[in-house]
Structure formats: C-alpha cells, structure tokens
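Per chain, numbering begins at 1; letters A, B, ... match sequence-line order. Remember, it's a predicted structure, so these values are computed and weren't measured experimentally.
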2 protein chains.
Amino acid sequence: MNANAREEILAAAKLVAQAHGYAGLNFRDLAQQVGIKAASIYYYFPSKAELAAAVAKRYWEDSAAYLESLLQNSTKPIDALRRYPETFRWALENDNRICLCSFMSAQFDDLPDEVKAEVQAFTDVNIAWLKKVLIAAKVVSPKQAENRARAIYSGIMGAQLMARSQADIALYDSLIQSYRAAGLLSA
Amino acid sequence: MNANAREEILAAAKLVAQAHGYAGLNFRDLAQQVGIKAASIYYYFPSKAELAAAVAKRYWEDSAAYLESLLQNSTKPIDALRRYPETFRWALENDNRICLCSFMSAQFDDLPDEVKAEVQAFTDVNIAWLKKVLIAAKVVSPKQAENRARAIYSGIMGAQLMARSQADIALYDSLIQSYRAAGLLSA
DNA sequence: ACCTGAACACCGTTCAAGT
DNA sequence: ACCTGAACACCGTTCAAGT
C-alpha cells in the first residue's frame with residue numbers, strides 16, 4: 001500500500017485516463033482508489049500534467065517493449081504484422097477502454113506540453129515499428145512504408161473509436177477484417 | 001442579438017465542441033461570445049446535455065442534407081464517393097477542428113444519453129449514405145457494402161484524429177491518399 | 001419573455017502541521 | 001519519509017428574483 005503508492009497512483013491513473021481522458025482525471029477520486037488523500041498525490045507528482053506525462057511515458061515504454069517481443073517471437077515478420085491489431089483489442093475488452101494515446105490524441109489541443117510529447121512518442125514508436133515490419137515482410141516498398149505505416153495506425157485508431165462508441169468489440173474485429181479485405185493491412 | 005440568441009448560442013457551441021469536446025463546452029465563455037450571462041443560456045436550453053444534443057442534431061441534419069446534394073450533383077455515384085473525404089477536411093482547415101461527432105465518439109462513455117443518440121444518428125447517416133453509394137457505384141457487392149462503409153467511415157475518423165494531433169492538414173490528405181493506394185476507398 | 005446576482009458544488013493546488 | 005485538514009482561487013451550474 002504505502003510501500004508502493006507511486007506505482008498504485010500510476011496504475012489507477014492509467015485506467016481512469018483510458019476511460020475518461022485527461023480532463024476526466026481527478027485527484028480526489030484517484031486518491032480515494034489508492035487509499036490516500038488528494039493532497040498526498042503531490043508528494044509523488046508535482047502536478048496533474050506531470051502525473052499524466054508519467055502515465056503516458058510508461059504506456060509507450062510498455063508498448064514499445066511488447067512490440068519488440070512480438071517481433072522477436074514471430075517466425076516471420078508478416079506474422080507480427082498480422083497480430084498487431086490484437087494489441088489494441090485488449091483495452092476494449094477491459095471495460096470498453098481504448099488505447100490511452102488514441103484517446104489523448106482527440107484532446108490533443110488541450111493537453112499540457114509534457115503530455116503532448118509523450119503521446120507523440122507513442123505514435124512515433126508505433127509508426128517506426130510498423131515501417132520496419134512492413135519493409136521486412138516486403139508488404140510494400142521501402143519508399144511507401146512510411147505512408148502505409150501511418151495509414152494502418154490511423155485506421156486502427158478509428159476502429160477503436162468506432163467500436164467504443166458502439167460498446168461493441170465485435171465491431172472492432174469486423175473493421176479489422178474489412179481493412180484486410182480491402183488490402184490496407186497487408187499485401 | 002436577443003432576436004436570435006438561441007441560434008447564436010448553437011453556432012458558438014458548435015465551434016467550441018469541435019475544438020474542445022463536450023467537457024470543454026463552458027457556459028461562461030459561451031455566454032460572453034453571445035453577449036449575455038452564463039445563467040441566461042438556461043433560458044434557451046434546460047441543461048448542458050440538451051444544448052449539446054441540439055448542436056449534434058443540427059450537425060447531423062446539415063451533414064445529411066449536404067451528402068444528399070453531393071450525390072444529386074454528381075454525374076456518377078463514384079464521383080460522390082471520391083469527394084466524400086473532403087467533407088471532413090473543412091473542419092481541420094478551420095482552426096484544426098475535427099468533425100463534432102468524431103470528437104464526441106472519443107468521450108462517448110461520458111456523454112449524456114440525449115447526446116449519445118444524436119452522435120449515433122450522425123454515424124448512421126454516414127454509413128447509410130456510403131452503403132448506398134458503394135452499391136450504386138458497384139465498388140463492392142451489396143452483401144459487402146455495409147462492412148466496407150463502416151471501414152471507410154472509421155478510417156476517416158482515424159485520419160482526422162491523427163492529422164489533428166500533428167496539427168497538419170497535409171497529413172490528412174496523405175492518409176486519404178494511402179487509403180486509396182491500399183484500396184480501401186474504392187475498387 | 002428575457003435576463004441576472006448570488007450561491008452552490010467541485011476542482012487543482014498549496015501549505016503548515018501531524019506522525 | 002509520508003500523509004493530512006483546511007483553505008484558496010476558479011469554474012460550471014442552479015435558482016429565486018429582477019425588468
């Protein structure tokens with residue numbers, strides 16, 4: 001409990017941010033979940049902006065590590081690419097949450113600069129990974145890889161949003177299926 | 001001024017909601033723009049939820065009328081389909097705003113029910129229109145039309161979000177271009 | 001009919017003080 | 001080191017009362 005209050009705050013803040021965004025993060029509720037008072041959060045984080053930035057930073061670091069392991073553990077790059085959309089399914093499974101950074105992109109203009117930078121980093125990590133895998137799997141030419149990587153990422157962001165607004169995870173699967181059929185995701 | 005306060009409130013609220021979402025709608029600033037006090041807004045709209053619902057309703061009604069005229073004024077259905085992404089470009093051109101309903105989809109879980117219903121209606125109108133045009137233009141079979149319509153719509157939502165988070169309208173165009181190249185938008 | 005002042009509830013934040 | 005009560009400034013919202 002008090003041994004790891006900082007970690008508990010980060011974990012709770014992540015869940016709240018995935019469900020309600022930056023504006024929905026409020027210190028009084030957050031503190032209650034962790035079993036401390038709102039004022040105590042300031043012992044660990046100097047401001048709401050810094051807390052949100054720490055959450056987003058942890059988020060993209062974990063994502064980057066996961067994507068790297070996904071690629072390492074795939075026999076062929078195309079298999080890793082095929083499993084990429086799964087990554088964004090888990091949050092939807094978990095109480096209709098969405099990827100923290102998809103959510104924060106919507107409110108981007110209202111985000112403090114420290115938070116913007118970390119959200120940006122998440123996008124960069126994903127685009128770079130997709131680009132690398134698209135080239136390795138020879139799905140597109142190296143020249144086209146950047147554009148295709150961005151298109152896949154934005155397509156998945158849209159699919160998450162739409163599935164969430166219908167609270168229907170089957171719609172997410174159906175959209176990914178349609179992207180595949182239309183040729184967006186590979187070949 | 002007082003002759004049309006209701007309309008002025010609606011127009012101002014629409015712009016704010018497109019830039020900052022439902023949570024960003026604030027009555028004091030809104031009132032100041034219209035030249036009245038915050039409390040006076042409640043004379044025209046019984047709550048923030050009703051105001052937002054009225055804004056969203058007006059929004060999808062205007063969109064539906066525009067899409068219908070776009071189709072009427074195109075010599076071939078495929079031309080209307082080709083111009084569909086333009087519809088969502090205008091908001092980005094206008095101070096990096098995005099489609100009101102794309103924005104509200106992100107915050108869907110926190111929306112009052114009246115607002116949810118109108119955001120839903122916007123999605124329905126767009127999917128129905130796309131489906132009709134996809135079939136008329138023989139881009140896909142009638143059986144596949146619904147799925148393809150949803151994939152196009154979600155792809156465009158994602159493209160708006162991504163372009164906005166980079167404050168770069170050229171990125172929107174580039175994403176639409178990539179969707180076309182990958183085969184999502186037609187053929 | 002149209003509008004408002006004043007109050008209320010809530011929020012991020014600070015800080016002196018407690019253990 | 002870790003936590004808190006109480007207070008501050010601010011803001012969306014409500015309502016009884018004004019014209």
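The distance from atom CG of Asn4(B) to atom P of dC2(C) is 11 Å, rounded to the nearest whole Å. Between Phe45(A) atom CZ and dC2(D) atom P there is a gap of 13 Å when expressed in whole angstrom units. Taking atom NZ of Lys37(A) as the reference point, atom P of dT19(C) lies 16 Å away to the nearest angstrom. Counting to the nearest Å, the P atom of dT14(D) and the OH atom of Tyr43(B) are 18 Å from each other. Atom CZ of Arg6(A) and atom P of dC3(D) are 13 Å apart (whole Å). For the pair Gln32(A) CD and dC10(C) P, the computed distance is 13 Å after rounding to whole Å. The CZ atom of Arg28(A) sits 11 Å away from the C1' atom of dG5(D) (whole-angstrom rounding). In this structure, Tyr42(A) places its OH atom 13 Å from C1' of dC15(C), rounding to the nearest Å.
Both distances falling under 3.5 Å, in either a Watson-Crick or a G-U wobble arrangement, occur for no nucleotide opposite dC3(D). In this structure, dC11(D) forms no base pair with any nucleotide, since neither Watson-Crick nor G-U wobble geometry is met with both distances under 3.5 Å. In this structure, dA17(D) makes no Watson-Crick or G-U wobble pair, since no nucleotide meets both defining distances under 3.5 angstrom.
Distance from the side chain of Ser40(A) is smallest for dT4(D) among the nucleotides dC11(C), dT4(D), dG12(D). In the set dT4(C), dT13(D), dA7(D), the nucleotide with an atom closest to the side chain of Phe27(B) is dT13(D). The listed nucleotides are dC2(C), dC3(D), dT4(C); the one nearest the side chain of Ala5(A) is dC3(D). Among dT13(D), dC11(C), dT4(D), the nucleotide with an atom closest to any side-chain atom of Ile36(A) is dT4(D).
Dashed line: the shortest gap from a side-chain N or O of Lys48(A) to OP1 or OP2 of dG12(C) is under 4.0 Å. In this structure, Asn26(B) reaches the dG12(D) phosphate: one of its side-chain N or O atoms is under 4.0 Å from OP1 or OP2.
For an aromatic pair to be called close, the ring centres must be under 6.0 Å apart, and Tyr172(B) with Phe88(B) fails this.
Ion pairing between Asp173(B) and Arg89(B) holds under the 4.0 Å rule for side-chain N and carboxylate O. At a threshold of 4.0 Å, the pair Glu7(A)-Arg58(A) counts as salt-bridged, since one of the basic side-chain nitrogens sits closer than that to a carboxylate oxygen.
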Tell me which donor-acceptor pairs under 3.5 Å the side chains of residues 116-125 of chain B have, and how far apart each pair is, sequence neighbours excluded?
{"from": "Glu118(B)", "atom 1": "OE1", "to": "Trp60(B)", "atom 2": "NE1", "distance (Å)": "2.8"}
{"from": "Thr123(B)", "atom 1": "OG1", "to": "Val119(B)", "atom 2": "O", "distance (Å)": "3.4"}

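Heavy-atom nearest nucleotides on DNA chain C were determined for Asp29(A) and for Pro46(A), and the one closer to the 5' end corresponds to Asp29(A). A residue-by-residue look at Ala23(A) and Ala39(B) shows that Ala39(B) has its nearest nucleotide of DNA chain C further toward the 5' end.
In this structure, Leu30(B) reaches neither bases nor backbone, as no heavy-atom distance under 4.0 Å exists between it and the strands shown.
Counting heavy atoms of neighbouring residues, nucleotides and ligands inside a 6.0 Å radius, atom NZ of Lys131(A) does not exceed 12 of them.
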